[in-house]
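First up is the structure itself, then whatever we jot down about it.
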2 protein chains.
Amino acid sequence: MDELIINSELHQYKIMIGNRIRYDINTLLPKTYSTILVITDDKVAEKYLSEVMSNLQAENIFTSIIPAGEQSKSFALFEKLHTEALTYGLDRESLIIALGGGVVGDLAGFVAATYMRGIDYIQMPTTILAHDSSVGGKVAINHQLGKNLIGSFYPPKAVLYDIDTLSTLPRSQVRSGYAELIKEGLIADEELFQSILSSDLMSLSQDQLHNHIRSGIKIKAAIVEADEKEKGMRKYLNLGHTLGHALETTLGYGVLTHGEAIGIGLLFSMYVSESVYTIKLPYEPLYRWLLNNNYPLFLEQLHVNDLITLMKTDKKTLNHHIQMVLLKNVGEPVIKEISDEDMSSYLKQFLRKLVIA
Amino acid sequence: MDELIINSELHQYKIMIGNRIRYDINTLLPKTYSTILVITDDKVAEKYLSEVMSNLQAENIFTSIIPAGEQSKSFALFEKLHTEALTYGLDRESLIIALGGGVVGDLAGFVAATYMRGIDYIQMPTTILAHDSSVGGKVAINHQLGKNLIGSFYPPKAVLYDIDTLSTLPRSQVRSGYAELIKEGLIADEELFQSILSSDLMSLSQDQLHNHIRSGIKIKAAIVEADEKEKGMRKYLNLGHTLGHALETTLGYGVLTHGEAIGIGLLFSMYVSESVYTIKLPYEPLYRWLLNNNYPLFLEQLHVNDLITLMKTDKKTLNHHIQMVLLKNVGEPVIKEISDEDMSSYLKQFLRKLVIA
């Protein structure tokens, strides 16, 4: 089992990565809790809930099951989970366990952050994508005007990552998670980037997966420790997300997976970087890898002005100007303000390029 | 102008108390903001909003006006204010000003705490009661199962307390605020307690008011600094609140003011303290003062079991046992677990005593 330690402003917590560690969950909890609420989604519940439940020891163990999918990060479910937690009698010394992907982690984490002004929670990611969201303490729900707009910084008490639970992931979820791993490689670890580009997602070994995830989490952890509240370098983690989030919102959550949208966003950020800094980045190799691994890269007709409006609702927007993460090189991200006019022209060229490619 | 400094875990902030300081608001802000949203209620808006607005300087100044009253601390208004803030284009560098009483402060503070994972806000209390809620960083909305159950610890960047705005308070609000000041006296300052008991709320001088509020805030500030997250002594601030909150919930918000409910709660906590510790506390003098100052002390038929159920939804509840703040003496609070059976008998005796008195 790998262990990483994160020093958050609020407290220190461990990330434990290992094979089949869900069977040891009871010994891996940071302390004993008399009441535990496991929040998960209906798909994860089918596969792993009973195993987790039977390995937990506490006086009172409850479960809340939400529908799988981004739509669950809503005000309505936020309120419903609070009602369930109150009805189950959770108090300030209780624990919430978020068992699932990023949606479960973000929502359950935000409930924990705001239940009686904050109780303990731990993240048990069951997707590759959640290697990113489960570390760093960002918890949130969506607003119809944009993703993750309502939330807190509220780190978990531990992250328990059972790599074995990734073996049942559908292909689209593997693609989704790998887009964030590629992003982390592009920001800070060229070796990770190259290793992924030489991997075939259809025939990943357990070792490849474990190593890629560990590398990704290390990058995420280092950045979060240096800048927990996203005043500076943590913003780099938004590489690919300016367009990615706008695509998810305009197409409707669920049409593209998060990572599939980020895949296109990463290409776009490279495209803009090459134009702004007149440099050459590995756009073509990434494009080919995404295509070979069945990432959807052909988009229906999109309205550039709508995309720009959505990009400006992003949390990184300052004084109505889009702040985009670009690359001066692999491993060298920068923040750049892009005017609406330039953004419009980049978007038009890029979307045309995608269609032609 | 009096200045107190609070050292919160997250940042330091100032409490400024003075006469007519709303006219200096622009110079008292902790920094310059390009976008400001003033959240207030319809009653405060009538009296003070235009003055505050005309003394603020920022590129963009917006207002959101909520209905006055505890009912506004709802999920629905929480969501609505987020929508307004997004529509106005607030970004992470924007400021929210909570202009009003505790309801506005709690709700606007919780919106600030969760808008794009937290933006700056300042408290401008316009009631005596809000001397308590505006200091310490507790922000929250209500759940139908109890008050303040959903919220965060999220301190303001400053508290600007214009004593002059208290001159237009209705009597019931003066009573409401003074109950919390009495509570602070009982917890930590017998002089404040005696000074209030020798004051007549119908003929308070500006100086009396200023001095009582400053003393109350000092006590609150000292306790909050010592125990921001309510792990220990901050719980003492709940003196009178176990029954007080339950009364507010069972009678419906708005039947009693918060402080009127706390007034009864304080009597109850003294009554239980005298029984548990076989001591004599100034129950009678407080009872007489409350009565002379027109606090409602005669309650309609209440169901003891309902009250106990509500008391157990309180955030201080641990493992389903009610944790009550009692007094061993004025200035000497303690936490005591009370069994349901004992609570039931105390409540029955106390309610009978109130009716007979």
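To find a chain, count down the sequence lines: A is the first, B the second, and so on, and within it residues start at 1.
Within the 4.5 angstrom heavy-atom criterion, no atom of A:Ser94 approaches chain B. Residue B:Ser34 touches chain A through its side chain alone, counting heavy-atom pairs closer than 4.5 Å. Proximity to chain B is limited to the side chain of A:Glu9, based on heavy atoms less than 4.5 angstrom apart.
Residues passing the ring-ring contact (aromatic ring centres under 6.0 Å, His included) test with B:Tyr33: none are found, sequence neighbours excluded.
B:His321 and B:Ser339 share no donor-acceptor pair across their side chains, judged by distance under 3.5 Å alone.
Atom NZ of A:Lys31 is surrounded by more than 12 heavy atoms from other residues, nucleotides or ligands within 6.0 Å.
Looking only at heavy-atom pairs under 4.5 Å with chain A, the residue among B:Thr87, B:Asn60, B:Ile150, B:Thr35 that has the most is B:Ile150.
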N/O donor to acceptor pairs below 3.5 angstrom from side-chain atoms of residues 101-116 of chain B, sequence neighbours left out:
residue: B:Asp106; atom: OD2; partner: B:Lys73; partner atom: NZ; Å: 2.7
residue: B:Thr114; atom: OG1; partner: B:His82; partner atom: NE2; Å: 3.0
residue: B:Thr114; atom: OG1; partner: B:Phe110; partner atom: O; Å: 2.7
residue: B:Thr114; atom: OG1; partner: B:Val111; partner atom: O; Å: 3.4
residue: B:Tyr115; atom: OH; partner: B:Ala85; partner atom: O; Å: 3.3
residue: B:Tyr115; atom: OH; partner: B:Leu90; partner atom: O; Å: 2.8

